[in-house]
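Because only heavy atoms are used, hydrogens play no part in the values below, and waters and symmetry mates are left out as well, while side chains stay in. Everything numeric here is computed off the predicted structure, so don't read it as measured data.
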Amino acid sequence: MIRRIELVNVVGFARFAPPSPFPGMTLILVKTLALMARKGAQVFMTTHNYFTLKQMQIEAQTHGMDVMCCSLSRNDKNVVLPTCVMGCSTTTS
């Protein structure tokens, strides 16, 4: 059993594929990424999966973590615009 984790200058990248047939594994991975973030790692994650995003939001709220979520969308002139919010809200505007 791991009792202590020390992370120094660690940056993690994760890409979540479309919905997995094993949602339990997604939950374990999200909890692991959240633990790494609480220990000082920067974690960058991409996903199209609402379940994954919602689980990260729950982890952030549970542990009082600052999480920023960004999304890309196109305007009426077909220009891609980024939108970033603190708190990883899963509601649509």
### Message
Which Ile, Leu, Val, Met, Phe, Trp or Tyr residues join Leu81 in one cluster when any pair of side-chain heavy atoms under 4.5 Å counts as a link?
### Response
Val79
### Task
Linking directly or through intermediates, with side-chain heavy atoms under 4.5 Å: list the remaining ILVMFWY members grouped with Val80, chain and number order.
Leu72
Under 3.5 Å, sequence neighbours excluded: what are the donor-acceptor pairs made by side chains of residues 28-38?
unit_1 : atom_1 : unit_2 : atom_2 : d
Lys31  : NZ     : Glu59  : OE2    : 2.8
Thr32  : OG1    : Ile28  : O      : 2.8

